[in-house]
Trainee: 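Provided herewith is a single structure, encoded as structure tokens, for subsequent inquiry.
Because the structure is predicted, anything quoted here is derived from the model rather than measured.
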Amino acid sequence: MELYFENETDYKFDFDAVLVATNVINKALELHDCDFDTEISVMIVDNDSIHEINKETRDVDKATDVLSFPNIEFENPGDFNILKDDDSYFDYLNPDSKRIVLGDIIISYEKVLSQALEYEHSILREYAFLVTHSILHLLGYDHIIEEDRIIMEDKQKEILDLLKIY
């Protein structure tokens with residue numbers, strides 16, 4: 001997995017944000033038996049920027065903690081057989097890198113800080129949670145329907161527990 005990471009702000013986490021994102025994403029891909037070489041981009045922004053992106057892309061006029069822009073429409077969450085059984089494999093391939101593009105993750109560092117305080121856990125844990133939440137969206141999970149929410153939350157917990165991020 002190739003991670004393209006960009007921090008659009010002056011804020012610096014007191015942990016290695018690239019390493020944490022890489023570990024979370026790799027664990028999620030491992031749990032889903034992904035044997036494709038993949039790439040994902042993660043961008044750290046401020047509340048104003050994520051507000052603007054949220055408004056432009058989702059017509060939601062407020063800041064949010066994380067936005068996920070998946071590149072693949074999975075029939076079943078995390079089931080990479082869709083790429084094995086279909087010529088659509090090439091639709092998701094970066095022609096330059098020859099990797100499958102899973103999508104983009106955008107995180108508001110200000111929301112990471114405020115939600116860590118609100119939920120009374122570490123900034124590291126909140127950041128890792130948001131990356132976990134977002135990679136699961138890129139893998140086709142959602143939480144609109146209660147049954148799907150429970151499945152997604154269980155996966156989030158499993159990934160964070162395996163990485164010993166509490």
Trainee: To the nearest 0.5 Å, what is the distance between CD (E120) and CD (E126)?
Mentor: 12.5 Å
Trainee: Under 4.5 Å between any side-chain heavy atoms of L136 and Q156, yes or no?
Mentor: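 Yes, at least one pair of side-chain atoms sits under 4.5 Å.
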Trainee: Backbone N or O of L19 within a donor-acceptor pair of the D16 side chain at under 3.5 Å?
Mentor: yes
Trainee: Side chains of I100 and D37: does their closest heavy-atom pair fall under 4.5 Å?
Mentor: no
Trainee: Is the shortest side-chain heavy-atom distance between I106 and I53 below 4.5 Å?
Mentor: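 I106 reaches I53 side chain to side chain.
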Trainee: Could you pull out the closest heavy-atom pair between D104 and L138, with the gap in Å?
Mentor: O-CD2, 3.8 Å
Trainee: Does a sphere of radius 6.0 Å around CD in E147 hold more than 12 heavy atoms from other residues, nucleotides or ligands, not counting ones at 6.0 Å or beyond?
Mentor: no
Trainee: For the residue pair N7 and Y109, establish whether any side-chain heavy-atom pair is separated by less than 4.5 Å.
Mentor: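 In short, these two side chains do not touch, never coming nearer than 4.5 Å.
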Trainee: Starting from the C-alpha separation in whole Å, work towards a yes-or-no answer on side chain to side chain contact (heavy atoms under 4.5 Å, CB included) for D65 and V112.
Mentor: CA-CA 7 Å; D65 51 4; V112 171; over 6 Å; no
Trainee: Test your reading of the model: is there a side-chain donor-acceptor pair from K164 to the backbone of D161, 3.5 Å cut-off?
Mentor: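 Not a single qualifying donor-acceptor pair exists.
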Trainee: For L29 and I25, run side chain to side chain contact (heavy atoms under 4.5 Å, CB included): C-alpha distance rounded to whole Å, both residues' side-chain angles, the deciding distance at 0.1 Å, then the answer.
Mentor: CA-CA 6 Å; L29 294 174; I25 293 166; 3.9 Å; yes
Trainee: Decide yes or no on side chain to side chain contact (heavy atoms under 4.5 Å, CB included) for E8 and I44, but give the supporting numbers first.
Mentor: CA-CA 6 Å; E8 293 282 317; I44 307 299; over 6 Å; no
Trainee: Going by distance alone, is a donor N or O of one side chain under 3.5 Å from an acceptor N or O of the other, for E153 and H143?
Mentor: no
Trainee: List the residues meeting side chain to side chain contact (heavy atoms under 4.5 Å, CB included) with L163, not counting sequence neighbours, and say none if there are none.
Mentor: N23, V24, K27, I159, I165
Trainee: Is there side-chain contact between L3 and V42, with heavy atoms separated by less than 4.5 Å?
Mentor: yes
Trainee: Show your working on salt bridge (charged side-chain N to carboxylate O under 4.0 Å, His left out) between D79 and K84 and close with a plain yes or no.
Mentor: CA-CA 10 Å; D79 183 359; K84 295 175 184 174; over 6 Å; no
Trainee: Answer yes or no: does atom CG of D59 have more than 12 heavy-atom neighbours from other residues, nucleotides or ligands under 6.0 Å?
Mentor: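 Open: at most 12 neighbouring heavy atoms sit under 6.0 Å from CG of D59.
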Trainee: To the closest 0.5 Å, what do you measure between CD1 (I107) and OG (S68)?
Mentor: 8.5 Å
Trainee: For S108 and N47, does a side-chain donor sit closer than 3.5 Å to a side-chain acceptor?
Mentor: yes
Trainee: Decide whether V60 and F69 are clustered together by the hydrophobic rule: side chain heavy atoms of Ile, Leu, Val, Met, Phe, Trp, Tyr closer than 4.5 Å, transitively.
Mentor: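 Hydrophobic grouping puts V60 apart from F69.
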Trainee: Side chains of H133 and V66, heavy atoms from C-beta outward: is any pair under 4.5 Å?
Mentor: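 The answer is yes; the side chains approach within 4.5 Å.
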Trainee: How long is the straight-line distance from NZ of K12 back to CG of D14, given to the nearest 0.5 Å?
Mentor: 13.0 Å
Trainee: Taking a hydrophobic cluster as the set of Ile, Leu, Val, Met, Phe, Trp and Tyr residues connected by side-chain heavy atoms closer than 4.5 Å, whether directly or through intermediates, do L67 and M152 fall within one such cluster?
Mentor: no
Trainee: Compare all side-chain heavy atoms of D142 with those of H137 and state whether any distance is below 4.5 angstrom.
Mentor: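 Touching, per the 4.5 Å side-chain cut-off.
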Trainee: Shortest non-hydrogen contact from F13 to I123?
Mentor: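 Between these two residues, the closest heavy atoms are CD2-CG2, 3.8 Å.
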Trainee: Can you confirm whether D154 is buried at CG, in the sense that more than 12 heavy atoms of other residues, nucleotides or ligands lie under 6.0 Å from that atom?
Mentor: yes
Trainee: Treating Ile, Leu, Val, Met, Phe, Trp and Tyr as nodes and any side-chain heavy-atom pair under 4.5 angstrom as an edge, say whether V131 and V18 lie in one connected cluster.
Mentor: yes
Trainee: Among all residues two or more places apart in sequence or in another chain, which pass the side-chain hydrogen bond (donor to acceptor under 3.5 Å, both in side chains) test with D46?
Mentor: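 Per chain and number, D46 pairs via side-chain hydrogen bond (donor to acceptor under 3.5 Å, both in side chains) with S49.
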Trainee: Got a donor-acceptor contact below 3.5 angstrom from the S134 side chain to the L130 backbone?
Mentor: no
Trainee: Could you report the tightest heavy-atom contact between N94 and V101, atom names first, then the distance?
Mentor: CB-CG2, 3.7 Å
Trainee: Can you measure from NZ (K157) to NZ (K155) and round to the nearest 0.5 angstrom?
Mentor: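 Rounded to the nearest 0.5 Å, the NZ-NZ separation comes out at 13.5 Å.
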Trainee: Are K55 and E52 close enough for a salt bridge, meaning some N to O gap below 4.0 Å?
Mentor: no
Trainee: Under the criterion side chain to side chain contact (heavy atoms under 4.5 Å, CB included), I'd like the reasoning laid out for H51 against V45: C-alpha separation, chi angles, the key distance, then a yes or no.
Mentor: CA-CA 10 Å; H51 180 168; V45 299; over 6 Å; no
Trainee: Aromatic contact between Y127 and F15, with the criterion being ring centroids under 6.0 Å apart: yes or no?
Mentor: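 Yes, close enough.
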Trainee: Measure the spacing between CG of L160 and CG of L162 and express it to the nearest 0.5 Å.
Mentor: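 L160 CG to L162 CG: 9.0 Å, rounded to 0.5 Å.
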Trainee: Given the rule that I, L, V, M, F, W and Y join up when any side-chain heavy atoms are under 4.5 Å apart, are L113 and F129 in one cluster?
Mentor: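 Shared cluster, yes.
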Trainee: Do N76 and I82 make a side-chain contact, defined as non-hydrogen atoms from C-beta onward lying under 4.5 Å apart?
Mentor: no
Trainee: Using 0.5 Å steps for rounding, measure from the CZ atom of F36 to the CZ atom of R99.
Mentor: 15.0 Å
Trainee: Where is the tightest heavy-atom contact between I105 and I135, given as atom of each residue plus distance?
Mentor: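 For I105 versus I135, the nearest heavy atoms are CD1-N, 4.1 Å.
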Trainee: Do S97 and E39 have a side chain donor and acceptor closer than 3.5 Å?
Mentor: yes
Trainee: Which one of F74, Y141, F80 satisfies the ring-ring contact (aromatic ring centres under 6.0 Å, His included) criterion with H32?
Mentor: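 Among F74, Y141, F80, the one meeting ring-ring contact (aromatic ring centres under 6.0 Å, His included) with H32 is Y141.
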Trainee: Tell me if the centroids of the rings in Y92 and F90 come within less than 6.0 Å of each other.
Mentor: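 Ring centroids of Y92 and F90 are no less than 6.0 Å from each other.
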